[in-house]
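Contents: one structure, followed by commentary.
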Number of protein chains: 2
Amino acid sequence: MRDFMDVIKALADENRVRALMALRGRELCVCQIIELLGLAPSTVSRHMSILKQARLVVSRKQGRWAYYRLAADSATPDAREALVWLQARLSTDQVVRADTRRLLTILRTDPETLCRSQCQARGALS
Amino acid sequence: MRDFMDVIKALADENRVRALMALRGRELCVCQIIELLGLAPSTVSRHMSILKQARLVVSRKQGRWAYYRLAADSATPDAREALVWLQARLSTDQVVRADTRRLLTILRTDPETLCRSQCQARGALS
DNA sequence: TCCTTATTTCGCCATATGACGAAATATACC
DNA sequence: GGTATATTTCGTCATATGGCGAAATAAGGA
């Protein structure tokens, strides 16, 4: 029950669900998820750690960048089935479709440039 | 997405999940769910209304009693699949098994007696 | 070593959620 | 109609959650 509830609670936030859907079939750098969701880096980092704790994603650190991808082997049965369900139900969802389109643009920019522009944008606010 | 999130959020509470599992294959009176979960009537009523809004259960009023059961035809695809998943994942869960056992005892008492004893128990506290 | 920068952790705030009891509602029974 | 009672609604409270910015951490490059 505990594992199951951890998975369900991890899914109980639209931004986390959008992040999971964005990770379908590809790995994403944190800055790319930040760009997609339009949230503060600290917020996205927290969301990803919740997904990780529920065994829905795994992370990998390469140089300064952290990459997340959907958990496969390391996912618990609960997590694995949740991911299957998510994809079955939401692949055709409007929000997810829009994210998928926007992701194409985001992926065209390399992480280096993306992070730089995010830092500048934050600097411009203060 | 909205429907999907409604379903997920409805599942994101252990007491609601326990209530859904208790409703497998049978209809239950509110007082029976109150007895099972050990929560205040108002709390259980609120939980059931959240499950109802997510289309996971339907209710029926007969006399003074309100009965809830799992939604079948009236469930959205999201809700229906969630129920299937729940049962697949949690049928062997320890908490659910314990509830199932306790439910057998509860079902042996008729609702009338059950409600009366609940009223008395609440009266005894004040 | 020092500097830059991507990410995470922490502290704080606003809102959401789940709990209860009291009051309102609905329905049977006299 | 009036009373008893099962359930729901409402008000309140404590805690959980999600958001941000600032500071800490980690890792590459000068």
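All chains are named by letter (A, B, ...) in the order of the sequence lines, taking the proteins before the strands, and each is independently numbered beginning at 1. Predicted, not measured: the structure shown is a model, and the values here were computed from it. FYI, side chains are in, hydrogens and waters are out, and symmetry mates aren't considered; it's all heavy atoms of this structure.
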Distance, rounded to the nearest Å, where [X] contributes [atom1] and [N] contributes [atom2]:
X        : N       : atom1 : atom2 : value
Gln62(A) : dA27(D) : CD    : P     : 12 Å
Lys9(A)  : dT17(C) : NZ    : P     : 12 Å
Asp6(B)  : dT17(C) : CG    : C1'   : 15 Å
Ile34(B) : dT7(D)  : CD1   : C1'   : 8 Å
Gln53(B) : dT17(C) : CD    : P     : 11 Å
Leu39(A) : dT17(D) : CG    : C1'   : 14 Å
Lys61(B) : dT5(D)  : NZ    : C1'   : 11 Å
Leu51(B) : dT8(D)  : CG    : C1'   : 15 Å

Checklist entry - Would the number of heavy atoms belonging to other residues, nucleotides or ligands and lying under 6.0 Å from CZ of Arg80(A) be above 12? => result yes

Checklist entry - Any chance CZ of Arg55(A) has more than 12 other-residue heavy atoms, nucleotides or ligands included, within less than 6.0 Å? => result no

From [options], nucleotide with atom closest to [X] side chain:
X        : options                   : answer
Ser42(A) : dT9(C), dC10(D), dT8(C)   : dT9(C)
Asp13(A) : dG18(D), dA22(D), dG21(C) : dG18(D)
Ile50(A) : dT8(D), dT8(C), dG18(D)   : dG18(D)

Next on the checklist: With nearest nucleotide decided by heavy atoms, which residue, Arg64(A) or His47(A), maps closer to the 5′ end of DNA chain D?
Outcome noted: His47(A)

Side-chain N or O of [X] closer than 4.0 Å to phosphate OP1/OP2 of [N]:
X        : N       : value
Tyr68(A) : dA6(C)  : no
Thr43(B) : dA19(C) : no
Arg46(A) : dT17(D) : no

Checklist entry - Touch check for Tyr67(B), heavy atoms < 4.0 angstrom, all strands: base, sugar-phosphate only, or nothing? => result nothing

Checklist entry - Does Arg60(A) make a cation-pi contact with Tyr67(A) (under 6.0 Å, within 45 degrees of the axis)? => result yes

Next on the checklist: Ignoring hydrogens and geometry beyond distance, is a side-chain donor-acceptor pair present between Ser91(A) and Arg97(A) at under 3.5 Å?
Outcome noted: no

Next on the checklist: Tell me which one of Asp13(A), Asp93(A), Asp99(A) satisfies salt bridge (Lys or Arg N to Asp or Glu O under 4.0 Å) with Arg18(A).
Outcome noted: Asp99(A)

Checklist outcome for this item: Here the residues of residues 18-33 of chain A within 4.0 Å heavy-atom distance, strictly under, of DNA chain C are Cys29(A), Val30(A), Cys31(A)

Checklist outcome for this item: Of all heavy-atom pairs linking Ala79(B) and Ala54(B), the shortest is CB-O, 3.8 Å

Checklist entry - Would a 4.5 Å heavy-atom cut-off, applied to side chains only, mark Val17(A) and Ile8(B) as touching? => result no

